[in-house]
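Reckoned from all heavy atoms, side chains included, excluding hydrogens, waters and symmetry mates. Keep in mind it's a predicted model, so treat the numbers as computed, not measured. Here is the naming used below: chain letters follow the sequence lines, and residue numbers restart at 1 for every chain.
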Protein chains: 2
Amino acid sequence: MVMQRNTWQREAVRSALDTQMGFVSAQSLHSKLRGSGSHIGLATVYRALGDLASEGQADSLQSPEGENLYRACSRGHHHHLICRSCGLAVEIEADDVEVWAKRVASLHGFTQAEHVVDVFGYCSSCVAPSAESAANPVSARK
Amino acid sequence: MVMQRNTWQREAVRSALDTQMGFVSAQSLHSKLRGSGSHIGLATVYRALGDLASEGQADSLQSPEGENLYRACSRGHHHHLICRSCGLAVEIEADDVEVWAKRVASLHGFTQAEHVVDVFGYCSSCVAPSAESAANPVSARK
DNA sequence: GGGCTTATTGATAATGATTGTCAAAAGCGA
DNA sequence: TCGCTTTTGACAATCATTATCAATAAGCCC
């Protein structure tokens, strides 16, 4: 087992993530840090975020555009309601869904089920862009 | 409006997708096609898949590794139970989840809610790799 | 069939996020 | 402080995907 060392870089990433409202990409967190004086390396930000995520201190998900987004979070498994405009994320309870996912999986003979459940929308502050005329909302996949 | 022309390439992609058990990436569909003689271009496969997806003739989702996966499918909105090993996908009904997602979204003042709900696991043919010893299952994100 | 117009193709370059490399720098226990 | 090891960071390397653009081929009218 490897000894984990404490570096100011790791702290910088952790606290930058803490001050963040919603989910952020590694790239934008890196530029924010650079913007505030720190000259931390990009690879380091990626590493730190990856570590935080695997330690359970951060939560990660993929944006519809395929970027990996992170958010500070210490609690266990849960899901999010994410604003497509400002990135605001609300943690939501989804016990029903948990149960449903497990049931569906075993019903079909699947084991070691994991699930991806996230809801995207526009929060009340970010009113939906031109309501009806939005014939092609962001990330319409189907 | 633009006129849509019928090319053998488009057909090739469509039928290659049809003969596919589960979800495939554009890349692997391209190599499959090349492997069977056709010398269709990669960009064309991407374009064809994108078109199929936006016409509703194909279904798309992101793998945990960040690739876009496609599958032939003509029905409306639904979700999948996907085998992490062989890619087999079972379409699952999730009316409860639909309702839940809408309710949660409006409960928090979110509008134009879309959701991502997919369950990954190992199908009965692909027994989970060394059951218990799997301390680090594929795509463990948290 | 013969042209004509224009959508489509495909080889390749470009992009953009993420990861690998490796020498230099910095933790931390002694 | 010393020395051993983990980390860092600049940069190169990957990898999926998209843009470019000249060459090709569909659909159509004759």
At under 4.0 Å, does any side-chain N or O of A:T44 touch on OP1 or OP2 of D:dT8?
->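 No.
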Quick one: what's the B/S/- string for nucleotides 17-30 of chain C, heavy-atom cutoff under 4.0 Å, read 5' to 3'?
-> SBBBB----BBS--
Side chain of A:R71, backbone of A:L17: donor and acceptor closer than 3.5 Å?
-> no
Tell me the interatomic distance from [X], atom [atom1], to [N], atom [atom2], rounded to whole angstroms.
X: B:R10; N: C:dA7; atom1: CZ; atom2: C1'; result: 9 Å
X: A:I40; N: D:dA10; atom1: CD1; atom2: C1'; result: 14 Å
X: A:R14; N: D:dT7; atom1: CZ; atom2: P; result: 13 Å
X: B:F23; N: D:dA16; atom1: CZ; atom2: P; result: 18 Å
X: B:H30; N: D:dT18; atom1: NE2; atom2: C1'; result: 15 Å

So, applying side-chain contact (heavy atoms from CB on, under 4.5 Å) with [X], which one of [options] is it?
X: A:I82; options: A:V119, A:L61, A:L69; result: A:L61
X: B:T7; options: B:Q4, B:E11, B:Q9; result: B:Q9
X: A:H80; options: A:V117, A:I92, A:V90, A:D59; result: A:D59

For B:A101 and B:H115, work out which heavy atoms get closest and say how close.
-> CB-ND1, 3.8 Å
Would A:F110 and A:V97 show up in the same hydrophobic cluster when neighbours are defined by side-chain heavy atoms closer than 4.5 Å?
->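 Same hydrophobic cluster.
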Same apolar cluster (I L V M F W Y, side chains within < 4.5 Å links), B:F23/B:L49 | no
Apart from B:L42 itself, which Ile, Leu, Val, Met, Phe, Trp or Tyr residues share its cluster (side-chain heavy atoms under 4.5 Å, direct or through members)?
->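 Besides B:L42, the cluster holds B:Y46.
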Looking at five pairs on each end of the helix from C:dG1-D:dC30 to C:dA30-D:dT1, what is the angle between the two axes, given to 10 degrees?
->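 Inter-axis angle at the ends, rounded: 30°.
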